[in-house]
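Quantities reported herein were computed from a predicted structural model and do not represent experimental measurements. Proteins come first, then strands; the chains are lettered A, B, ... in the order of their sequence lines, and each starts at number 1. Note: hydrogens, waters and symmetry copies are ignored here, and every other heavy atom, side chains too, is used.
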Amino acid sequence: MSVRLRFAPSPTGHLHVGNVRTALYNWLYARQHKGDFILRIEDTDAERSESRFEEALMDDLRWLGLDWDEGAGEGGAAGPYRQSERFDVYRETAQRLLEEGSAYYCFCTPQELEEDRRRQVKGEPPRYIGRDRDLDRDEALSRMEAGEQATVRFKVRGGRVSFVDQVFGPVEVDCATIADFVLLRSDRSPQYNFAVVVDDAGMGITHVVRGEGHLSNTPKQVLLYETLDLDPPQFAHLSTILGKDGGKLSKRHGATSIDQFRRRGYLPEAMVNYLALLGWTPPNEGQEILSVEELIKHFDLGKVHKSPATFDTEKLNWVNRSHLKLRPADEVGLLMAPFLREHGWLGEVEEGSPEQEWLGELWQAVAKYVDRLDQVPEHSRVVFDFHPKRDLLREEVREALSEDGAWRVIETLDRELQAKDDLDLESYKAAVNAVKDSTGAKGKHLFHPLRVALTLRTSGLSLDQLVSLLEKGKHLQLGHPVVGARERVRAVLEARS
RNA sequence: GGCCCCAUCGUCUAGGGGACUAGGACGCCGCCCUCUCACGGCGGAAACGGGGGUUCGAAUCCCCCUGGGGCUACCA
């Protein structure tokens with residue numbers, strides 16, 4: 001039998017990295033076993049669910065490459081895939097349980113329930129006492145007709161329930177610790193534990209992979225499967241992802257929702273790779289940078305760790321950097337374009353254009369400085385942002401230029417360059433060699449003044465790469481002028497006075 | 001309060017009674033490369049939460065404590 005897995009988020013906010021890891025593990029397992037991956041929207045909480053979050057979550061999933069075979073936005077034979085559209089199914093099922101005597105109407109008021117909880121006996125779990133458990137059905141029905149509101153509660157049996165969790169191992173609990181829980185609320189909407197079971201069963205889900213928080217609720221669900229006369233699926237619960245301080249990951253830890261990472265210039269394959277590593281170790285020691293295909297191939301649900309993992313941005317950065325290096329340069333060039341555009345340094349760039357090729361070259365020059373694409377602009381500044389009048393005043397620049405022979409090197413280079421047309425790497429090097437010969441400056445006494453004249457900074461890209469970018473860039477339609485090398489040297493000399 | 005889960009370097013982890021002077025990765029530190037900053041290469045510091053057992057032998061098995069987390073809702 002083919003496996004069927006699902007990701008079932010509530011559209012109550014943006015997709016959190018923890019949710020994404022859950023989705024990912026489901027997806028990896030489904031893809032590995034050539035099964036189905038289903039997206040179900042759990043929006044029974046009408047108060048908190050919003051359709052814009054549903055849109056956003058599907059958008060994030062698509063960006064990550066976690067495609068689904070059935071579900072919201074996709075359709076499929078087991079639909080509808082939105083719980084708010086499945087109320088009939090829940091009501092029918094509840095009715096069946098009512099008739100079988102496995103469930104009953106409960107007329108308890110919120111106040112009564114609150115009192116029950118407060119009246120808890122020391123050493124005993126506080127729980128619903130089952131006041132209406134043995135209420136006569138006809139009586140219940142007539143009270144309903146008289147307009148009284150009632151919930152439908154499940155009659156929890158005695159004894160023990162058990163199941164084997166793929167991650168946590170065997171779990172067994174005493175049913176006495178489980179209160180008769182609500183199936184249908186008084187407004188006839190389903191309660192979570194009931195809806196999941198009805199849906200997972202109805203959708204033919206074979207493996208339920210979800211957050212650890214659901215582990216304690218699983219016995220209730222197993223009980224439900226049992227009275228519905230259905231085989232429960234395989235369960236696998238995933239530990240929580242923690243923040244740097246050991247607490248649950250939250251806004252104060254910085255970015256937590258996947259769209260934030262996306263906007264900062266993390267690659268989807270890097271997010272997927274890093275999240276996969278949080279709670280699972282690849283089989284080959286030391287090989288942690290894996291492609292999506294490799295993850296699908298090696299992923300092993302049975303080897304997922306029980307203990308919670310801390311989200312570490314430093315390691316994510318390393319993973320991202322590594323994947324960035326794996327991508328073809330011209331591809332990354334296109335990906336980083338929006339970030340440069342934000343700084344006003346770039347216009348529209350067409351795919352396959354010389355501009356894209358140039359961006360690829362820019363990328364290769366700045367790649368070693370960058371963890372994320374949103375850091376590209378600050379390291380590209382030397383290429384786009386050239387203002388001698390302003391920058392000659394900067395402390396580090398003044399200091400560097402006050403060194404012996406610095407200006408002479410620059411003046412000599414200026415003379416050498418004026419004699420040349422457009423520069424390529426070779427002619428630039430020839431000019432530098434000529435400067436070296438006629439001034440006698442070498443090593444840092446030669447290159448440092450050159451760097452400052454060309455960039456108005458004391459550190460940055462290799463000069464060879466820079467000159468090449470400048471000379472090519474000045475002829476391209478980048479939407480922002482790039483000042484060439486020769487022009488720069490001249491401008492610096494002119495701004496000196 | 002009750003029930004349940006978890007616990008190896010700062011972080012992610014390998015480990016499933018002797019192969020452990022506890023291995024790898026990120027980060028950190030040092031050296032090398034070098035016109036700068038980086039990249040890269042090489043090397044280094046860094047952990048079995050505590051206490052009891054079991055055993056010839058425990059990071060590995062059991063119990064207690066401590067510390068985290070979850071459930072205990074007409075939230076999911």
Return no unless some side-chain N or O of [X] is found under 4.0 Å from OP1 or OP2 of [N].
| X | N | result |
| --- | --- | --- |
| A:Arg153 | B:C74 | yes |
| A:Arg321 | B:G27 | yes |
| A:Ser462 | B:A38 | no |
| A:Thr177 | B:G2 | no |

Return the nearest nucleotide to the side chain of [X]; candidates are [options].
| X | options | result |
| --- | --- | --- |
| A:Lys306 | B:G40, B:C6, B:A76 | B:C6 |
| A:Phe447 | B:C35, B:C74, B:U72 | B:C35 |
| A:Thr240 | B:A76, B:G69, B:C6 | B:G69 |
| A:Asp312 | B:G10, B:C37, B:A76 | B:G10 |
| A:Thr44 | B:C12, B:A76, B:C5 | B:A76 |
| A:Arg185 | B:U36, B:U11, B:A76 | B:A76 |
| A:Glu314 | B:G27, B:C35, B:C37 | B:G27 |
| A:Pro308 | B:C6, B:U72, B:C74 | B:C6 |
| A:Lys315 | B:C6, B:A25, B:C39 | B:A25 |

Item checked: Closest-nucleotide 5' rank along RNA chain B - winner of A:Gln287 and A:Arg21 ->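 Its nucleotide being nearer the 5' end, the pick is A:Arg21.
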Note to self: If you assign A:Ser459 and A:Thr151 each to the RNA chain B nucleotide with the nearest heavy atom, which residue ends up on the more 5' nucleotide?
What the structure shows: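 Between the two, 5'-proximity favours A:Ser459.
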How far, in whole Å, is [M] from [N] if one measures between their [atom1] atoms?
| N | M | atom1 | result |
| --- | --- | --- | --- |
| B:U72 | B:U13 | P | 26 Å |
| B:C32 | B:G24 | P | 24 Å |
| B:C61 | B:A25 | C1' | 30 Å |
| B:C26 | B:C63 | P | 38 Å |
| B:G70 | B:C31 | C1' | 48 Å |
| B:G52 | B:G16 | C1' | 23 Å |

Notebook entry, point to check: Does any N or O donor sit under 3.5 Å from an N or O acceptor when you compare the side chain of A:Ser216 with the base of B:C4?
Noted result: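 Flag unset: no donor-acceptor pair detected.
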Which part of the nucleic acid, if any, lies within contact of [X], taking any heavy atom under 4.0 Å across all strands shown: a base, the sugar-phosphate backbone alone, or nothing?
| X | result |
| --- | --- |
| A:Thr281 | sugar-phosphate |
| A:His305 | sugar-phosphate |
| A:Gly460 | base |
| A:Lys325 | sugar-phosphate |
| A:Glu42 | sugar-phosphate |

Run the ring-centre check on [X] versus [Y] and record whether the distance is less than 6.0 Å.
| X | Y | value |
| --- | --- | --- |
| A:Tyr25 | A:Phe299 | yes |
| A:Phe7 | A:Phe37 | no |
| A:Phe311 | A:Phe261 | yes |

Note to self: Counting neighbours of NZ on A:Lys155 that are heavy atoms of other residues, nucleotides or ligands and sit closer than 6.0 Å, is the number greater than 12?
What the structure shows: yes
Notebook entry, point to check: Under 3.5 Å, is there a donor-acceptor pair linking the side chains of A:Ser291 and A:Glu269?
Noted result: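 There is no such pair (donor and acceptor under 3.5 Å, judged by atom type) between the side chains of A:Ser291 and A:Glu269.
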Margin query: A:Ser239 vs A:Arg21, test: side chain to side chain contact (heavy atoms under 4.5 Å, CB included). Steps then yes/no.
Written below: CA-CA 10 Å; A:Ser239 64; A:Arg21 189 187 54 161; 4.2 Å; yes
Next item on the list: State whether the aromatic ring of A:Trp318 stacks on the base of B:C26, taking stacking to mean ring centres under 5.5 Å apart and ring planes under 30° to each other.
Entry: no
Margin query: Within the 4.5 Å heavy-atom criterion, are A:Thr44 and A:Ser84 side-chain neighbours or not?
Written below: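 Sidechains of A:Ser84 and A:Thr44: no contact.
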